[in-house]
Asker: 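Quick one: the structure is below, and I'll ask about it shortly.
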2 protein chains.
Amino acid sequence: MAAREYGQYCGVTRALELVGERWALLIVRDLLVGPRRYGELAAGLPRIPSNILAARLKELQEAGIIRRGPRSRIVVYELTDYGRELEPVVLALGTWGFKAMGDPRDEQIVTPDSMTMALRTAFRADVAARLPATDYGARFGGAELRIHVAGGLLEVTRDAALAASVDLSFAAGPGIRRLISGELAPDRAIDTGVIEVLGGRRELLDRFASTFHLAA
Amino acid sequence: MAAREYGQYCGVTRALELVGERWALLIVRDLLVGPRRYGELAAGLPRIPSNILAARLKELQEAGIIRRGPRSRIVVYELTDYGRELEPVVLALGTWGFKAMGDPRDEQIVTPDSMTMALRTAFRADVAARLPATDYGARFGGAELRIHVAGGLLEVTRDAALAASVDLSFAAGPGIRRLISGELAPDRAIDTGVIEVLGGRRELLDRFASTFHLAA
DNA sequence: CCGCATCCCATGTGATACTG
DNA sequence: CAGTATCACATGGGATGCGG
């Protein structure tokens, strides 16, 4: 344990000692979306061995980053206030990593929680504040999300968004990354089949693209 | 190699695949200060095994994060543009880790590069912009730095700052963290010996404390 | 010397199986 | 469902070697 320290008195090293282990920040990423049960975390991180998940949860608890939720009966893990302060770290990593993502490979999956955090990363509150409130229903790979944007605030939920109940409903293929990066115009995304509009007003994809943007 | 991937199509996982290995972000941290030779990196990371340093340098090169510097004759490693974009990640980690630093233990060292990045993390450009240009000479553990603040810009160099050539010269003990966090007032820091003024106008420590601040 | 490469061993990780 | 247990293996750590 003490052998895993870096031997420096420095904020960066301290941070890496606490959340630098493999998988740790991905657990934090998913918990930033909301409290999760052990099995939900395992489902969101399909490649994590169960012993590693258990070990990380114990370490993160001891570090004061997560806690076992208050609702007894069922065990729920949630971030502490200190853990929630890791959000800027996760967003910065997401912003940087976005540029190196390339196109998805077959074995790569998209989980609802990772997609939710990606949307938070790309969200431009200043732009959204100047636009009318909008509800999107979006399907990315296996993740189906309802995206509620209103008054510069973003809310993403896992409700299956019925096409009828939102302003725009669409399914996105692998090319969505280029829509977010601005390399692909919304019209062309629809024309080329990168985005399949399932319902609602298709011209709202423009609004979506200006609300969610990340440099490539 | 491919086994070290997370199997998700997500910016955070991609980032962690590239810089999530042990020591990688600490190499980046030091290179954010400036180009460094192999031996300089090793000196700034005393606990890193040489084989690991060599391996990381190779991986970071292949990922397009660092390159071997242009000056032939001597080998110098430096960040690429993409590598330099990791600065927000390092600063966010430093900000978060600062709160968990506690007091330094005997085996923990302070290196010039880690201290330089810590100063960048704590630097408040907006505050500095409203203050007169100031030069500080500071010694922290083994790191002796010259800190030049002017017009909202910060420049830290490793020149041994002769007491005479700066506005304030001081040596800081372990308690400096509490000065930066605001827990300890500048006057009291001097009175209690946490800060030893070596030369210049001691009242400038006030200015230093308002220029460099991080929440605890 | 500096910039690594090699060796060896302790530890962490990953896949699978198993239990309360 | 929420974890442990086990074991093979990969990686990290420390010392040492070595060529340019």
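Here is how names work: the chains are called A, B, and so on, in the same order as the sequence lines, proteins then strands, and each is numbered from 1.
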Asker: Ignoring backbone atoms, establish whether A:Tyr77 has a side-chain N or O less than 4.0 Å from OP1 or OP2 of D:dG3.
Answerer: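 Yes, because at least one side-chain N or O of A:Tyr77 sits under 4.0 Å from OP1 or OP2 of D:dG3.
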Asker: Quick one: is D:dG3 close enough that its OP1 or OP2 comes under 4.0 Å of any side-chain N or O from A:Arg68?
Answerer: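 A:Arg68 to D:dG3 OP1/OP2: side-chain N or O found under 4.0 Å.
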Asker: Give a yes or no on whether the backbone of A:Val156 and the side-chain of A:Thr116 come within a donor-acceptor separation of less than 3.5 Å.
Answerer: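 Not confirmed, A:Thr116 side chain does not pair with A:Val156 backbone.
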Asker: Give a yes or no answer on whether the side chain of B:Gln108 reaches the backbone of A:Cys10 with a donor-acceptor pair at less than 3.5 Å.
Answerer: no
Asker: For B:Glu5 and D:dT11, give me the distance from atom CD to atom P, rounded to whole Å.
Answerer: 12 Å
Asker: Without decimals, in angstroms, what is the distance between B:Arg4 CZ and D:dT11 C1'?
Answerer: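 For the pair B:Arg4 CZ and D:dT11 C1', the rounded distance is 7 Å.
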Asker: Given atom CD1 of B:Ile52 and atom P of C:dC7, what is their separation to the nearest angstrom?
Answerer: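 Going from B:Ile52 (CD1) to C:dC7 (P), I get 16 Å.
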Asker: Going by an N to O cut-off under 4.0 Å, is there a salt bridge joining A:Arg47 and A:Glu107?
Answerer: no
Asker: Separation of A:Leu45 atom CG from C:dA15 atom C1', in whole Å?
Answerer: 16 Å
Asker: Could you grab the distance from atom CD1 of A:Ile180 to atom NE2 of A:His213, nearest 0.5 Å is fine?
Answerer: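 Going from CD1 on A:Ile180 over to NE2 on A:His213, the span is 9.0 Å.
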Asker: What orientation do A:Phe123 and A:Phe212 show, parallel under 30°, tilted 30 to 60°, or perpendicular over 60°?
Answerer: tilted
Asker: Within this structure, what is the CG-to-C1' distance between A:Leu41 and D:dC1, rounded to whole angstrom?
Answerer: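 That distance rounds to 13 Å.
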Asker: Answer yes or no: is there a donor N or O on one side and an acceptor on the other, between the side chain of A:Trp96 and the main chain of B:Tyr82, under 3.5 Å?
Answerer: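 Yes, because the side chain of A:Trp96 sits within donor-acceptor range (under 3.5 Å) of the backbone of B:Tyr82.
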Asker: Using a cut-off of less than 4.0 Å, is there contact between a side-chain N or O of A:Trp23 and OP1 or OP2 of C:dG12?
Answerer: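 No, no such contact exists.
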Asker: Among the candidates D:dA5, C:dC7, C:dG12, find the nucleotide nearest to the side-chain atoms of B:Asn51.
Answerer: C:dC7
Asker: Looking only at side-chain N and O atoms, does A:Arg47 come under 4.0 Å of OP1 or OP2 in C:dT13?
Answerer: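 A:Arg47 to C:dT13 OP1/OP2: no side-chain N or O under 4.0 Å.
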Asker: If you find the nucleotide of DNA chain D closest to A:Leu57 and the one closest to B:Ile48, which residue's nucleotide is nearer the 5' end?
Answerer: A:Leu57
Asker: Can you list, in residue-number order, the parts of residues 30-38 of chain A that come under 4.0 Å of DNA chain D, counting heavy atoms only?
Answerer: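 When residues 30-38 of chain A is checked for heavy atoms under 4.0 Å from DNA chain D, the hits, listed by number, are A:Arg37, A:Tyr38.
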Asker: Testing A:Leu26, A:Leu60, A:Leu41 one by one against A:Leu31 for a side chain to side chain contact (heavy atoms under 4.5 Å, CB included), which residue passes?
Answerer: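 Testing A:Leu31 for a side chain to side chain contact (heavy atoms under 4.5 Å, CB included) against A:Leu26, A:Leu60, A:Leu41 leaves exactly one candidate, A:Leu41.
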Asker: Considering only NZ, NE, NH1 and NH2 on the basic side and carboxylate oxygens on the acidic side, decide whether B:Glu17 and B:Arg4 come within less than 4.0 Å.
Answerer: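 No, no charged N to carboxylate O under 4.0 Å.
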Asker: Rounded off to whole Å, could you give me the CG-to-C1' distance for the A:Leu53 and C:dA15 pair?
Answerer: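 In whole Å, C:dA15 C1' lies 15 Å from A:Leu53 CG.
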Asker: Stem ranges for DNA chain D, with three or more consecutive Watson-Crick or G-U pairs under 3.5 Å?
Answerer: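 The stems are C:1-19 with D:2-20.
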Asker: What is the distance, to the nearest angstrom, from the OH atom on A:Tyr6 to the C1' atom on D:dG14?
Answerer: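 So the two atoms are 17 Å apart, to the nearest Å.
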Asker: Whole Å only: how far is the CD atom of A:Gln61 from the C1' atom of D:dA2?
Answerer: 13 Å
Asker: Give the intermediate values and the outcome of side chain to side chain contact (heavy atoms under 4.5 Å, CB included) for residues A:Thr111 and A:Arg29.
Answerer: CA-CA 11 Å; A:Thr111 67; A:Arg29 176 199 67 184; 4.3 Å; yes
Asker: Any N or O donor-acceptor pair linking the side chain of B:Ser50 to the base of C:dA5 at under 3.5 Å?
Answerer: yes
Asker: State whether A:Asp167 and A:Arg207 are salt-bridged, where the test is any N-O pair (Lys NZ or Arg NE/NH1/NH2 against Asp/Glu carboxylate O) under 4.0 Å.
Answerer: no
Asker: Ignoring backbone atoms, test whether A:Arg22 places a side-chain nitrogen or oxygen under 4.0 Å from the OP1 or OP2 oxygen of C:dG14.
Answerer: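 Checking A:Arg22 against C:dG14: at least one side-chain N or O falls below 4.0 Å of OP1 or OP2.
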